[in-house]
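Every chain is numbered from 1 and lettered A, B, ... according to where its sequence line falls, protein lines coming before strand lines.
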Amino acid sequence: MKQRLAVIDFETTGITPGPGCRATEIGIVLLEGGQIVDRYQSLMNAGVRVPAMIEQLTGISNAMLRSAPPVAQVMREAADFVGSTPLVAHNASFDSKFWDYELAQLGRSRPQAFACTLLLSRRLLPQAPDHKLGTLTRWAGLPATGRAHRALADAEMAANLLLHLGSTLRQRHGIAPAHELLCKLQKVPAAKVAQFLSATPA
DNA sequence: TGCCAGGCCCTCTTTAGGGCCTT
């Protein structure tokens, strides 16, 4: 995987972005040549309260956010850090909603596509016990990256999973795992994955 | 007051329902 890719993960106050539900932390890992070449991580203060259940899940407290930099500053830095690099996330439908919502608050929009390691692992690792990020990391013997449900640790886990999926494509199917191909593969109906892979030139 | 996502994927399906996955 020689291409440069940005793997991102958000911690948030809930499931659906909106005035009362905002990002609280972002972690970004840049991959190039199969290696992590750069990282970005920051808490961010969007002026919303973290529900107790979320604080328990992530360890991110209201006190931590009070002293965090403003959301606009962090998202501006994050968007500049990523630029037009193709994006990847685990369950990208979730992270892309927050990425797009928070960029829209700055009057910015996303130029690039998201690849999704959840959709890809359902297609390439159907034998896994489930497709949660933590389960896949342990099941595939990938390195521990720190406290789960913190943005940079989860982004690194997703990056390691992406590299594992790339190796699977290359070794098992002789296919180079370019971002454009990953975006196509994740949309192929699960029942037609084998047919798609065998028809894809190496 | 009470409500609270949504896209994907499977099946006891397609005029539907429920589990998965993210916080």
How close or far is atom [atom2] of [N] from atom [atom1] of [X], stated in whole angstroms?
| X | N | atom1 | atom2 | answer |
| --- | --- | --- | --- | --- |
| Phe94(A) | dC20(B) | CZ | C1' | 15 Å |
| Ile8(A) | dT22(B) | CD1 | C1' | 12 Å |
| Asp100(A) | dA5(B) | CG | C1' | 15 Å |
| Lys192(A) | dC10(B) | NZ | C1' | 16 Å |
| Lys97(A) | dT23(B) | NZ | C1' | 10 Å |

| task | Quick one: label Phe10(A) by what it contacts on the DNA or RNA (base, sugar-phosphate, nothing), any heavy atom closer than 4.0 Å. | result | sugar-phosphate
| Of the nucleotides dT23(B), dC10(B), dG6(B), which one has an atom closest to the side chain of Asp9(A)? | dT23(B)
| request: By nearest nucleotide on DNA chain B, pick out whichever of Ala191(A) and Leu118(A) is the more 5' one. | output: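 Its nearest nucleotide lies further toward 5', so the answer is Ala191(A).
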| request: Between Ile15(A) and Arg122(A), name the one whose nearest nucleotide on DNA chain B is closer to the 5' end. | output: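 Residue closer to the 5' terminus by nearest nucleotide: Ile15(A).
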Measuring only the [atom1] atom in each nucleotide, how far is [N] from [M]? A whole number of Å is fine.
| N | M | atom1 | value |
| --- | --- | --- | --- |
| dT14(B) | dC10(B) | C1' | 13 Å |
| dC12(B) | dG19(B) | P | 14 Å |
| dC21(B) | dC3(B) | C1' | 23 Å |
| dG18(B) | dT13(B) | P | 13 Å |
| dT23(B) | dC4(B) | C1' | 14 Å |

| said: dT23(B), OP1 or OP2 - any side-chain N/O from His149(A) closer than 4.0 Å? | reply: yes
| task | State whether His131(A) places a side-chain N or O below 4.0 Å from either non-bridging phosphate oxygen (OP1 or OP2) of dC20(B). | result |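 So the side-chain polar atoms of His131(A) never come under 4.0 Å of the phosphate oxygens OP1 or OP2 of dC20(B).
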| field | Stepwise side-chain contact (heavy atoms from CB on, under 4.5 Å) check, Glu25(A) with Met44(A) | value | CA-CA 6 Å; Glu25(A) 187 180 45; Met44(A) 59 187 107; 5.6 Å; no
Is it the case that atom [atom1] in [X] sees more than 12 heavy atoms from other parts of the structure closer than 6.0 Å?
| X | atom1 | result |
| --- | --- | --- |
| Glu180(A) | CD | no |
| Arg147(A) | CZ | yes |
| Gln73(A) | CD | yes |

| Sidechain-backbone polar pair: Asn45(A) side chain, Pro69(A) backbone, donor-acceptor under 3.5 Å | no
